[in-house]
Amino acid sequence: MDSEVSTPPPVHKTGSSFKKSLAGFFTDIYKIHLFVLRFFKEAFVPPFELKEVVKQCYEVGVRSFTLITVTGFIVGLIFTKQSRPSLLEFGATSWLPSLVSIAIMRALAPLVTALIASGKVGSSIGAELGSMRVTEQIDAMEVSGTKPFKFLVCTRVLATTITIPILATYTAFIGLLGGYLNVAQNEGTSYTTFMQQVFEPLTFLDFTAALIKSVVFGFTIGIVGCYQGYNSTKGTEGVGKAANGAVVTAMFLVFIEEIIIVQITSNFR
């Protein structure tokens, strides 16, 4: 009589893997928390790397100037063109400059600028610091007695925090220029009249909220890109993951911060 061999039931590892993932998530949150605290601890303590900050502002701002110009102009032009038919049905095309100004100044200019910077600046910072970490340049700086965190991280985060609001303001005016061209073509509105209608519905809160959003977005892009690059591992594969992680994480956080700031500012309107 043949004896049947009983096979042990499969062991489900779903629970253990979930616990590991959850533990890894909170560990990453803790590391990010320490990274941000270290930035605030070292960024405002002398010696200040002003020359490097100016250099990074040039890299973030001037290098993105052409892309920001084209994108801002297209956003203003397309938004105006798409909004006109809806207002035309109600005979309210005279409200078009006010609608464009509110949309661009409150939301589109800071958000579009942040998304472009996340893709261009965030990936650049992540890849640059990641390659320096992989090639042990950061370790060499630590051994030589310099402070790589202050020189590499603090300067880049300060540069993005300073430059993104400037780029967002420029994007807003370029977007309004694109909107004006469409309005002038269809309505024959003069530039002076258009600008009067643009600034009429705007309040101090609109400019303040746009500035706060731009500063928060700039800090987020800089700190995420630096964190991904500064802590990258696994050779050249880590460099790619650092650049990709900087873009994806920065864009995700930008959208979350946009929702939070809009909810807060809407309570004061």
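It should be emphasised that the depicted structure is a prediction, and the values quoted were computed from it without experimental measurement.
- Interatomic distance, CG of L202 versus CD1 of I102, reported as 6.5 Å (0.5 Å rounding).
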With side-chain contact (heavy atoms from CB on, under 4.5 Å) as the test, would you mind laying out the steps for C226 and L152 before giving the verdict? CA-CA 8 Å; C226 290; L152 298 176; over 6 Å; no
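- Under the 3.5 Å distance criterion, the side-chain polar atoms of T160 are matched with a main-chain donor or acceptor of G218.
- Of all heavy-atom pairs spanning R133 and Y230, the tightest one is NE-O, 2.9 Å.
- A distance-only check finds no donor-acceptor pair linking the side chain of K31 to the backbone of Y227 [under 3.5 Å].
- The distance from the CG atom of L211 to the CD1 atom of I164 is 12.5 Å, given to the nearest 0.5 Å.
- There is no side-chain donor-acceptor pair under 3.5 Å between E200 and S98.
- Using cut-offs of 30° and 60° for the angle between ring planes, the F207 and F199 rings count as parallel.
- Across every non-hydrogen atom of A103 and F79, the tightest pair is CB-CZ, 3.5 Å.
- Between E52 and Q56, the side chains place a donor N or O and an acceptor N or O closer than 3.5 Å (distance only, hydrogens not considered).
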Determine, step by step, whether F39 and F219 satisfy the ring-ring contact (aromatic ring centres under 6.0 Å, His included) criterion, reporting the C-alpha distance in whole Å, the side-chain angles of both residues, the deciding distance to 0.1 Å, and the verdict. CA-CA 11 Å; F39 164 78; F219 176 80; 5.6 Å; yes
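- Salt bridge present: R156 and E128 bring a charged side-chain N and a carboxylate O closer than 4.0 Å.
- Using a cut-off of 4.0 Å between Lys/Arg side-chain N and Asp/Glu carboxylate O, E42 and K147 are scored as not salt-bridged.
- Linking Ile, Leu, Val, Met, Phe, Trp and Tyr whenever their side-chain heavy atoms come within less than 4.5 Å leaves L111 and V248 in two separate clusters.
- Between T169 and F173 there is a side-chain heavy-atom pair separated by less than 4.5 Å.
- The cationic group of R38 lies under 6.0 Å from the six-membered ring centre of F149 and within 45° of the ring axis, placing it in a cation-pi geometry.
- Side-chain contact check for V224 versus L253: some heavy-atom pair is nearer than 4.5 Å.
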Check step by step if side-chain contact (heavy atoms from CB on, under 4.5 Å) holds for K51 and V54. CA-CA 5 Å; K51 186 176 180 180; V54 173; 5.9 Å; no
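- Taking Ile, Leu, Val, Met, Phe, Trp and Tyr as hydrophobic and joining them when side-chain heavy atoms fall under 4.5 Å apart, one finds I221 isolated, its cluster having no other members.
- Residues Y180 and L176 fail the side-chain proximity criterion, which asks for heavy atoms closer than 4.5 Å.
- Screening residues 66-76 for salt bridge (Lys or Arg N to Asp or Glu O under 4.0 Å) gives no qualifying pairs among residues at least two apart or on separate chains.
- Looking at residues two or more places apart in sequence or on another chain, you find no side-chain hydrogen bond (donor to acceptor under 3.5 Å, both in side chains) involving K55.
- Hydrophobic clustering (side-chain heavy atoms under 4.5 Å, transitive across Ile, Leu, Val, Met, Phe, Trp, Tyr) keeps I74 apart from L99.
- Of the possible polar contacts, none joining the T113 side chain to the P110 backbone as a donor-acceptor pair under 3.5 Å is found.
- Residues S64 and L167 come closest through the heavy atom pair CB-CD1, 4.5 Å.
- Note on V157 and I212: separate hydrophobic clusters, where clusters join Ile, Leu, Val, Met, Phe, Trp and Tyr whose side-chain heavy atoms are under 4.5 Å apart, directly or indirectly.
- Atom CZ of F252 sits about 10.5 Å away from atom CD of E257, to the nearest 0.5 Å.
- Of the inter-residue distances, the one linking M251 atom CE with T220 atom OG1 reads 13.5 Å to the nearest 0.5 angstrom.
- There is no path of hydrophobic side-chain contacts, each under 4.5 Å, that joins F217 to L158.
- Residue S123 comes nearest to A243 through the heavy atom pair O-CB, 3.8 Å, listed as atom of the first residue, atom of the second, then distance.
- Judged by distance alone, with hydrogens and angles left aside, the side-chain atoms of T265 form a donor-acceptor pair with the main-chain N or O of V262 at under 3.5 Å.
- For the atom pair CD1 of I260 and CD1 of I256, the computed distance is 6.5 Å after rounding to the nearest 0.5 Å.
- Hydrophobic clustering, with ILVMFWY side chains joined whenever heavy atoms are under 4.5 angstrom apart, groups F194 together with I174.
- Nearest heavy atom pair, residue D206 against residue P201, reads OD2-O, 4.0 Å.
- Between G72 and T171, the closest heavy-atom pair is CA-CG2, 3.9 Å.
- Listed for the K150 side chain is a donor-acceptor partner under 3.5 Å among the backbone atoms of V45.
- Contact annotation: the side chain of S83 approaches that of L96 to within less than 4.5 Å [non-hydrogen atoms, C-beta and beyond].
- In this structure, the side chain of N267 engages the main chain of Q263 through a donor-acceptor pair within 3.5 Å.
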Intermediate values then yes/no, side-chain contact (heavy atoms from CB on, under 4.5 Å), Y58 and T163: CA-CA 9 Å; Y58 174 83; T163 310; over 6 Å; no
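- The OG atom of S266 lies 12.0 Å from the CD1 atom of I261; values are rounded to the nearest 0.5 Å.
- For the pair S232 (side chain) and G229 (backbone), a donor-acceptor distance under 3.5 Å is present.
- Checking side-chain atoms of T71 against main-chain N and O of I68 turns up no donor-acceptor pair under 3.5 Å.
- When atom types are taken as modelled, the side chain of T80 and the backbone of G76 share a donor-acceptor pair closer than 3.5 angstrom.
- Judged purely by distance below 3.5 Å, without hydrogens or angles, the side chains of T69 and Y170 pair a donor atom with an acceptor atom.
- Side chain of N186 to main chain of N182: a donor-acceptor pair is present (N/O by atom type, distance under 3.5 Å, no hydrogens or angles).
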